[in-house]
Amino acid sequence: MSQIVTADRDGIRILTLDNPPVNALSFALSAELLPLVRAAEDDANVRAVIFSGANGIFSGGADVNDFATEPTPETKTIRDVIAAIERGKKTYVAAIDGNALGGGLELSLACDYRIATTRSKVGLPEIKLGLLPGAGGTQRLPRLIGAQAAMQMMLKGESVAADEAKKRGVLDEVVEGNVVDAAFGLACRALEKEPKRRLSQRQAELGIPGLTANALPFVAAQAHKMVPPEDNGGFAAHKLIDAVEAAVELPFGRGIAREARLFDELVRSAPSAALRHVFFAERELGKIPGLPAAEPMKIERAGVVGGGLMGTGIAITFANAGIPVTVVEPSDEATERGKQMVFGMYMNQVQKGRMTQEEAWKRGQSVVYTDDYAELADCDVVIEAVFENMDVKKDVFKKLDGIVKPSAILATNTSTLDVDEMAAVTQRPEQFLGLHFFAPANIMQLLEIVRGKRTSPQTLATAIALGKTLRKKGVVSGNEFGFIGNRMLFDYSREAMALAEEGVPPYRIDAVMKDFGFAMGPFAMFDLSGLDVFWHIQQAKTEMKGRSNIVDRMYREKRIGQKSGKGFYRYEKGNREPIRDEEAEKILAEEAAAAGIAPREAGDDEIRKRLVYALVNVGADLLARGVALRPGDIDIVYVYGYGFPPHHGGPMWYADEVGVKSVYDDVLRFQKEFGDQWRPAPLLAEIAQSGGTFAAYTSKELVHA
Ligand code: 3HC
């Protein structure tokens, strides 16, 4: 089927990309577009060419699926199309309506003029996929807006709204209405005045007042310092900076060749493969195998019970999505704190120039506090965010069930407790589920959607749609203790604690995990969430207790982490930076000795493997039992909720990267050395023995009661 629609108007050829859903510039589309460009060049009746896009978008860029296949000498890519434009003699205009991203914007940059509608957005987001713009973007954008501005835009992978893009010089014109008509007018005017304006003919400047191109090495060196290290998340960033340097230093043709070489290296790299996996896993989330088709209910009003930090964060999330929300909070003091938090958050957005005063006011006003449950009667969904205690939560739901309209969904924000047990106290277990937000709820992108035994398909479909409305990564989980994220965290924490009991100081364990790419190590994380939380969980679930009494002792001595100024680290007043604390290490040693644990040496390799493979092993178990539906779901939970390095793709992707067989062999070795907590999950064994991968695992169908 043709992916390009051709039309002629008064000697101007209009080529419309039509490759739903996002007009990706695939190999196939490029193979069709290239002869069309050549034909336009050869046609004496064609004076100019306009590119536009169908499907409400200009183009989402190169087809990310193509990157997994090695091109053959016959393969045509968007680079070939752009090279033909570059060599061509006609005038080219890009008529952008909707997104022009990656290769889509690069196609526009190869044109002489760029015009867009007000609703459009343009950007080069390749860095988010561990790539750099590889179809001339790194050479043309610096020639258009200056090397410094181009570098910043590409390093952030920013999507810029049309008006702002025009201000920055990326676009020539922004219009309302039909962009092809406007592009036609622009082409006619251009043909009269300045028909050719190829960026390749320009010299790239630094774009920093007072500095000439001689300062390039200095500017590049600064940029290299600002991005993460090459082997820890910065693989593409350093290459991108090199490519921009080439734009200033080298003639255009050589710069393009340098860019192509760097891009080709990146596209074959492990970090880019991992980031592309995260991209696709995110887009799979809403597709639930086996979920009967069900129309999601409309959510127009929401309620939250509990106005603490969590409840207020959830309320802000709804307000940000334009859904008015009522928060029930009995305590005046907590209400005051909550209101201050809402107010402070929106003021901050205004101060940072991210929101108008009017918008901030509107959103702030849509969060209403009350102490009266009756005010929740009309809500379509009510989320409980009270103290983590089963009896307290059951009381809340009994009350809500009698007040909230019968069609409404009730949800718990518990992070560990049994969703079915709570559902059972209501008359509507089909309209009950877990919506587990992560603190701070208005910032963290992860949402675990926990289905109970009796949660109906419509309730689940509504929750998935709601997750999207709230701009969260909504991952469906079974009703396991701790669901996906915390269930796995327990094994990870067990190993962290075991290593510390064996005499490895917490700061070393944390350093190894940060080196691996985690945002923070396990002990800094324990201190941040509070050891009191950990202690409470251990009380509820005694099998969570470690070999020693370390958590008990820390709890008794009020060493509960950041909030008490000391935990596994100490903290200076007003500073969240963990400082090594030998006193805590002494306590660890004493408790380990009391529990009869002999000190032993552990290398960095062992530390990393014990922590990450603990995640993989329990992850495999959750998959086999259908608690998590797909390896990619687990990866999204870990990348978005627990700071797992995205350039390793999440624990399950990482296992594939290392080789499942090799992970399995280490797990067996750990079982021999440390005991049966390391018993390999049967699925891990199965995949290892068959030489397979988690990526090839066929997800289980969701089973409904
Ligand atoms: N390649 C392949 N598929 C893509 C794609 C791309 N570049 N962009 C989006 N898709 C697919 C998605 O996988 C999804 O497929 P599905 O329906 O089967 O799940 C579908 O298009 C719709 O995507 P979204 O759900 O994300 O739709 P939205 O409307 O929310 O967002 C978008 C649209 C803003 C275009 C967003 O999809 C996006 O940001 N895409 C990626 C853009 C990007 O990174 N482009 C750079 C590509 S690399 C490149 O161009 C290299 C070049 O320099 C040589």
Side-chain angles (χ1 to χ4, degrees), residues 3 17-30 33 53-69 71 75-83 96-110 119-141 150 153-154 156-161 236 239-240 243-244 256 259-269 272-273 275-289 445 464-465 467-474 630 632-633 636 646:
Q3 298 180 347
L17 312 174
D18 186 6
N19 178 19
V22 299
N23 304 331
L25 305 169
S26 61
F27 292 166
L29 182 140
S30 304
L33 188 52
N55 311 308
I57 181 168
F58 183 75
S59 171
D63 189 331
V64 181
N65 295 295
D66 285 345
F67 297 150
T69 45
T75 305
K76 296 292 174 262
T77 72
I78 191 61
R79 272 188 205 157
D80 300 306
V81 177
I82 287 174
I96 300 168
D97 182 34
N99 279 299
L101 301 176
L105 180 58
E106 292 176 291
L107 175 64
S108 321
L109 292 170
R119 72 175 194 105
S120 302
K121 281 189 175 167
V122 301
L124 294 171
E126 283 86 344
I127 192 94
K128 295 183 182 163
L129 300 171
L131 299 169
L132 51 76
T138 65
Q139 304 305 297
R140 289 191 178 87
L141 194 61
M153 191 169 147
M154 292 188 282
K156 282 194 207 150
E158 223 184 342
S159 244
V160 184
K239 293 202 165 30
L240 203 157
V244 174
I256 286 284
E259 176 199 83
R261 190 169 51 71
L262 293 167
F263 178 89
D264 292 348
E265 216 176 299
L266 287 174
V267 92
R268 294 191 187 100
S269 71
S272 173
L275 289 163
R276 272 146 37 204
H277 157 70
V278 172
F279 174 82
F280 284 120
E282 247 180 80
R283 279 156 185 83
E284 283 295 302
L285 293 178
K287 301 170 195 155
I288 306 301
Q445 293 193 60
I464 292 168
K468 277 192 194 148
T469 309
L470 299 179
R471 287 185 220 103
K472 300 288 178 199
K473 317 286 176 204
R630 294 164 286 224
D633 288 9
I636 293 295

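When a ligand or atom number is given, it counts from 1 through the structure's own listing order.
In Pro21, the part holding a heavy atom less than 4.0 Å from any atom of ligand 1 is the side chain. When non-hydrogen atoms are compared, ligand 1 lies under 4.0 Å from the backbone of Asp63 as well as from its side chain. Neither the backbone nor the side chain of Thr77 has any atom closer than 4.0 Å to an atom of ligand 1 (non-hydrogen atoms only). Contact annotation for Glu284 and ligand 1: no heavy atom of the residue comes within less than 4.0 Å of the ligand. No part of Lys128 comes within 4.0 Å of ligand 1, judged by heavy-atom distances. Of all the heavy atoms of Val64, the ones lying under 4.0 Å from any atom of ligand 1 are found in both the backbone and the side chain.
Residue Lys239 holds its NZ atom at 14.0 Å from CD of Glu259, rounded to the nearest 0.5 Å. For the atom pair CG (Leu33) and CD1 (Ile78), the distance works out to 6.0 Å, reported to the nearest 0.5 Å.
Using a non-hydrogen distance threshold of 4.0 Å, Glu282 does not register as a contact of ligand 1. Proximity of Gly137 to ligand 1 is not established, as no heavy-atom distance is less than 4.0 Å.
Checked by atom type and distance alone, the side chain of Asp63 never pairs as donor or acceptor with a backbone atom of Ala24 at under 3.5 Å. In this structure, Thr138 contributes its side chain and Val244 its backbone to no donor-acceptor pair below 3.5 Å. The backbone N or O of Gly60 lies less than 3.5 Å from no partner atom in the side chain of Asn99, so there is not a single donor-acceptor pair. Asn23 places a side-chain N or O within donor-acceptor distance of the main-chain N or O of Ala54, the cut-off being under 3.5 Å. Under the 3.5 Å distance criterion, the side-chain polar atoms of Gln3 are left unmatched by any main-chain donor or acceptor of Pro20. Side-chain atoms of Asp264 never come within 3.5 Å of backbone atoms of Arg261 as a donor-acceptor pair (strictly under, hydrogens ignored). With hydrogens and angles disregarded, no donor-acceptor distance shorter than 3.5 Å links the side chain of Arg140 to the backbone of Glu106.
Looking at ligand 1, you won't find any N or O of Asn99 less than 3.5 Å from one of its N or O atoms. Remark: ligand 1 and Asn65 share no N or O pair separated by less than 3.5 Å (distance only, no angle test). By the 3.5 Å distance cut-off applied to N or O atoms, Gly103 is counted among the residues near ligand 1. Between Ala62 and ligand 1, at least one N/O pair is under 3.5 Å apart.
Atom 29 (O) of ligand 1 lies below 4.0 Å from none of the non-hydrogen atoms of the protein. Distance screen at 4.0 Å: atom 50 (O) of ligand 1 has a protein heavy-atom neighbour inside the cut-off.
Close contacts of ligand 1 with Pro125, meaning ligand atoms under 4.0 Å from a residue heavy atom, involve 43 (C), 44 (O), 45 (N). With ligand atoms numbered from 1 in the order given, ligand 1 contributes 46 (C), 50 (O) to contacts under 4.0 Å with heavy atoms of Gly102.
Counting only heavy atoms of the protein, atom 42 (C) of ligand 1 lies nearest to Gly60 O, 3.3 Å.
When all heavy atoms of Phe263 and Gly134 are compared, the pair lying nearest together is CD1-CA, 3.5 Å.
Among Asn55, Leu101, Leu124, the residue whose heavy atom sits closest to atom 39 (O) of ligand 1 is Leu101.
Heavy atoms from other residues, nucleotides or ligands lying under 6.0 Å from NZ of Lys473 number more than 12.
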